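Report on the structure given below.
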Amino acid sequence: MKLVFLGPPGAGKGTIAAIAKDKYGIPHISTGDLFRAAIKNETALGLKVKEILASGDLVPDSVTIEMVRERLACDDCRKGFILDGFPRTVPQADALAQMTGLDAVVNFQLSRAEVVRRLSGRRMCKSTGRIYHLVYNPPKVDGIDDETGEPLYQRPDDQEDAILNRLSVYEKSTEPLIQYYREKGLLSDIDASSSPSDVFEGMDKVLKNRIH
Ligand code: AMP
């Protein structure tokens with residue numbers, strides 16, 4: 001199954017993808033996670049994109065497209081994949097169409113107010129990428145990852161200025177993709193306001209109807 005997850009930052013794309021990758025047996029490819037890993041490992045790519053990520057702006061299309069092209073060429077993508085956070089612009093979507101076909105594009109819908117609530121309470125484990133929320137999904141021990149015992153951190157781009165910038169970048173550059181994929185008959189709208197397991201079940205039903 002070849003899937004794209006679309007939706008504003010904080011809609012839960014990464015959380016649902018983490019469930020779906022196990023259920024469907026396909027890799028979860030998050031361009032944000034790939035960039036954060038490059039930053040952590042201080043690679044040339046990481047140094048190039050560090051400031052861009054902290055501000056909430058988009059990494060240039062050429063850089064992002066090449067990174068995804070390399071990732072999709074890996075063996076584990078032959079059976080399918082979940083692209084989370086890519087494409088984010090029309091040129092990225094055009095480039096993806098040259099690389100591969102898609103089975104469905106899931107559009108996770110969430111109000112602006114809820115996006116801000118979710119992002120500002122989000123905390124993460126740096127080494128595993130596991131996501132928590134101060135209110136909706138707190139760790140067992142305040143500020144500590146349940147598995148590794150490491151201190152949780154707040155992504156620099158989950159601070160208020162960057163959240164507002166990411167939302168306006170989303171509305172300007174990424175929202176046009178909703179129409180782009182609707183016109184291609186690929187889009188499924190999913191209400192992302194309920195719990196992760198309910199959102200996954202809803203999506204699973206929609207995808208089964210669409211694909212079989
Ligand atoms: P995310 O984890 O998906 O919220 O992505 C975090 C940040 O990584 C974004 O705010 C961008 O700076 C960068 N990023 C992730 N995916 C893309 C993309 N497809 N195009 C450009 N920049 C991206």
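In listed order, ligands and their atoms are each counted from 1. Just so you know, residue 1 is the first one in the sequence shown, and it goes up from there. Worth saying up front: this structure is predicted, and the values here are computed from it rather than measured.
- Atom 7 (C) of ligand 1 has as its closest protein heavy atom Leu53 CG, 3.6 Å.
- Given atom 12 (O) of ligand 1, the protein heavy atom at minimum distance is Asp57 O, 2.5 Å.
- To the nearest 0.5 angstrom, Tyr181 atom OH is 12.0 Å from Asn107 atom CG.
- The salt bridge (Lys or Arg N to Asp or Glu O under 4.0 Å) test with Asp158 is passed by exactly one of Arg122, Arg118, Arg117: Arg122.
- Residues Ser193 and Asp191 bring a donor and an acceptor atom of their side chains to less than 3.5 Å of each other.
- Looking only at heavy atoms of the protein, atom 23 (C) of ligand 1 is closest to Phe35 CE1, 3.7 Å.
- Looking only at protein heavy atoms, the nearest one to atom 20 (N) of ligand 1 is Gln92 NE2, 2.9 Å.
- The number of heavy-atom neighbours closer than 6.0 Å to CG of Asp142, taken from other residues, nucleotides and ligands shown, is 12 or below.
- When each atom of ligand 1 is checked for a heavy atom of Thr64 under 4.0 Å away, the hits are 18 (C), 19 (N), 20 (N), 21 (C).
- Smallest separation of non-hydrogen atoms from Val63 and Leu45: CG1-CD1, 3.5 Å.
- Both tests do not hold together for Lys13 against Phe108: distance to the six-membered ring centre under 6.0 Å, angle to the ring axis within 45°.
- Within ligand 1, counting atoms from 1 as listed, the ones closer than 4.0 Å to a heavy atom of Arg166 are 4 (O).
- Contacts of Leu58 with ligand 1, taken as heavy-atom pairs under 4.0 Å, involve both backbone and side chain.
- Distance from atom 9 (C) of ligand 1 to its nearest protein heavy atom, with residue and atom name: Arg88 NH2, 3.8 Å.
- Atoms of ligand 1 lying under 4.0 Å from any heavy atom of Arg155, numbered from 1 in the order shown and given with element: 1 (P), 2 (O), 4 (O), 6 (C).
- If you number the atoms of ligand 1 from 1 as listed, the ones under 4.0 Å from a heavy atom of Arg36 come out as 2 (O), 6 (C).
- Near Thr31, the atoms of ligand 1 lying under 4.0 angstrom from a non-hydrogen atom of the residue are 15 (C), 16 (N), 17 (C), 19 (N).
- Under the 4.0 angstrom criterion for non-hydrogen atoms, Lys13 is not in contact with ligand 1.
- If you check which protein heavy atom lies closest to atom 22 (N) of ligand 1, you get Val59 N, 3.1 Å.
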